[in-house]
> 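Before we start, here is the structure in question, set down as structure tokens.
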Amino acid sequence: MPLPKFIPPQRFLISFFLLISTAAVFGRTGPQNHPWTNPSLSPNERASLVVKEMTLDEKISMLHGTGMAGLSPLSPLIAQSNGCAGYVPGIPRLGIPPIQMCDAAYGVRMSGENGRYSTALPSDLAGAASWDLDAGFEYGALIGRELRAQGYNMSLGGGVNLTREPRNGRTFEYMGEDPVLAGKMVASVIRGEQAQHVLGDIKHYALNDQESGRNAVNVNIDQRAARESDLLAFEIGIKESDVAGVMCSYNRVNGDYACENKYLLTDVLKKDWNFQGFVLTDWGGAHSAAKASAAGMDHEEPGWIFYGDTLKTLVESGKVPQAELDDHVRRILRAMFATGVVDNPPQKSVVDVMGGFEVAQKIAEQTTVLLKNDHELLPLDASKIHSIAVIGPHADVGMISGGGSAQVDPPGGNAIMPPGKGQTRWLEPVWFPTSPLRAVRGKVPGAQVHFNSGADPDAAAALAKNADVAIVFAYQWESEDMDLPSLSLPEHQDELIAKVAAANPHTIVVLETGGPVTMPWVDQVGGILECWYAGSRGATAVANLLFGDAIPTAKLPLTFPKSNADLPHPTIIKPPKTSLPRNDPEPWKQIAAGLPAFQITYDEGVKVGYKWYDAEKKPVLFPFGYGLSYTTYSYSNIKVTAGPKPAVSFTVTNTGNRAGAEIAEVYASLPAAADEPPKRLVGWSKVKLNGGESKEVSVEVDSKFLSIFNVQQNGWQLVPGDYTFLVGGSSQDLPLKETIALK
Ligand code: BGC
């Protein structure tokens, strides 16, 4: 082939190879003159035009993945996968690219084994602690950019299961205990991802609120409670983001597995919520073909136990209607057109590492919650400090991260990797190389900063005794595929903190935890910062907050209870021991066939998190919505205007002299006839204020957030009566109150 004159041969060759390699990842896109290439048609029209041209085999090929070791057989096509959780081949003759899926909860997964790099953002729960929709968008946009740079066009993040069970090992991957906060925050993350032309995903639908026995458990919950709690988080998240995919979960709900649950998938998701995207299973979450198809499951992952030949035969024999099959395919294609993955396929490029660090740090500063600050111990004044004791497991080298399929690989590997060991395995904690010791030293170059791991609490206390300030970095690791035995810190860290605090009244605890922990030492320490899993630049962000180079603004997206005994279920309900054959070469078959069910009954119903503690009148350690700053705020002048969207206006004043941002929270108490817990969050506003400044704020309240779900009418209903609106800086500090009648 003669080379066009204007391209130097070398450049031509490079472009040619680029084209070939892009085609290998995204599939050759074939002739571009198909009618559906017209971007002025709606995504649905474009998708329907493609479906008309597809053969049955092509349709079936879009409805399942190509396998994953240990979870399904492997197709030879997996060789074209970009190397992560899911690969669905494209249809080159129709110009449809493959779907390259990767887990991306707080960053893109599996970069290590693919020789790539990903930024770790603070955990998803931390993201929710920002209460900041712009930060959420930025969080998603970074994930979207890094997915594209690594050659993926679909994210498998977007976890929004409510923290009904705080010992759930995936609490860090979710967005807290309140459906309105969680739903709005997850929507902002998905909008950020999809703005980068990446298919987003919200998971795990639904009520997958603990890991123990997740493939067997049958969750029992009444419809009203489900719709007003866990499902409301999904409803808001899905509706406010036009998310491409919803991942149905492993568990059963009221008898049927979630991935073949007609109530969840069709009646609620596709009909009531008008979800336009596609339902994909969690990995190994499918249990049938005909039943699942009729219930609304569109796509099976990671293999084709049901949605390969079995589904094809069912369609050929008329047992699964052609229209039903076409709807599954159309939904996937519609999502691909709507998010732009057909028109704007990703091109591999170098991840913006420095840009990622900046975003991760900025978000960590906005997501770390100041829980305690006696006598204004914080921020530390670098000019007055001569000695600091930095104490805690691995605080010299790194900070802990969340595990499982959310795990992001740290640059250079696990910071605590023993020499000679190559990789960290599933269910092994990974520490990111962001060193608290180094970050603290950087703030006080002239001071003595010494480290003690805390392995010997007495030695740590001795070090603390001689320092001006002791900072204990305490951690609690969690992961998919496990639940925590309790909310206590592991590795005798409670004893460590108590001993250090006894030796030095200026003790600050920095918590690196997936969710809430109990704190028997709470009254002994001067300061507590909760930085969750703080991500790639966690140590820099924490040091900035400790020394006042950044100001804390975050608030708790969940309650810290006083003890495990105060939880709705004091102990986690575990599956009965089963005697599954060991060394089964095809273990997925038993899971697909359905494991014997055990029961969990969520009889606390809608009373999740603060709604439980409020209703049961149980005092808590730190309430939902709580968080201090280095300045203070006051609230005045509440006014509520009735209407289809009642507006709550009020004034917030920064009563200190430092600039900050206050998350002003609005709650409502419903009329007694509604029979609801004492109050619920209905809105909030993050208000930036200079020292001494006041601003009037108005929060519009969606009437759904004031309603109850009426099961008989299958709809939301505003119960006529008196509604009390409460405004303030935490769910237990609500100085403003105004009651109006609504009907
Ligand atoms: C997890 C999902 C994840 C999938 C693919 C499953 O074990 O539950 O959240 O997206 O694996 O890695």
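Reckoned from all heavy atoms, side chains included, excluding hydrogens, waters and symmetry mates. On a predicted model such as this, the values are computed, not experimentally measured, just so you know. Numbering of ligands and ligand atoms starts at 1, following listing order.
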> List in chain and number order the residues that pass side chain to side chain contact (heavy atoms under 4.5 Å, CB included) with Ser486, two or more places apart in sequence or in another chain; answer none if no residue qualifies.
Ser488, Asn564
> List, for ligand 1, each N/O atom that has a protein N/O partner under 3.5 Å away, with both atom names and the distance.
residue: ligand 1; atom: 7 (O); partner: Tyr250; partner atom: OH; Å: 3.1
residue: ligand 1; atom: 7 (O); partner: Glu480; partner atom: OE2; Å: 2.6
residue: ligand 1; atom: 8 (O); partner: Arg170; partner atom: NH1; Å: 2.8
residue: ligand 1; atom: 8 (O); partner: Asp282; partner atom: OD1; Å: 3.2
residue: ligand 1; atom: 8 (O); partner: Asp282; partner atom: OD2; Å: 2.7
residue: ligand 1; atom: 8 (O); partner: Glu480; partner atom: OE2; Å: 3.4
residue: ligand 1; atom: 9 (O); partner: Arg170; partner atom: NH2; Å: 2.9
residue: ligand 1; atom: 9 (O); partner: Lys203; partner atom: NZ; Å: 2.9
residue: ligand 1; atom: 9 (O); partner: His204; partner atom: NE2; Å: 2.7
residue: ligand 1; atom: 10 (O); partner: Asp103; partner atom: OD1; Å: 2.6
residue: ligand 1; atom: 10 (O); partner: Lys203; partner atom: NZ; Å: 3.2
residue: ligand 1; atom: 12 (O); partner: Asp103; partner atom: OD2; Å: 2.5
residue: ligand 1; atom: 12 (O); partner: Arg109; partner atom: NH1; Å: 3.4

> Run the salt bridge (charged side-chain N to carboxylate O under 4.0 Å, His left out) test against Lys239 and tell me which residues pass, sequence neighbours left out.
Glu235
> So does Asp282 pair up with Arg214, basic N to acidic O under 4.0 Å?
no
> Which pairs pass salt bridge (charged side-chain N to carboxylate O under 4.0 Å, His left out) with one or both residues in residues 99-110, sequence neighbours excluded?
Asp103-Arg109, Asp103-Lys203
> Determine, for Arg164 against Asp230, whether the closest basic-nitrogen to carboxylate-oxygen distance falls under 4.0 angstrom.
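Asp230 and Arg164: salt-bridged.
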> If you measure from the Lys or Arg side-chain nitrogens to the Asp or Glu carboxylate oxygens, is any gap between Lys312 and Asp309 under 4.0 Å?
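Salt bridge: no.
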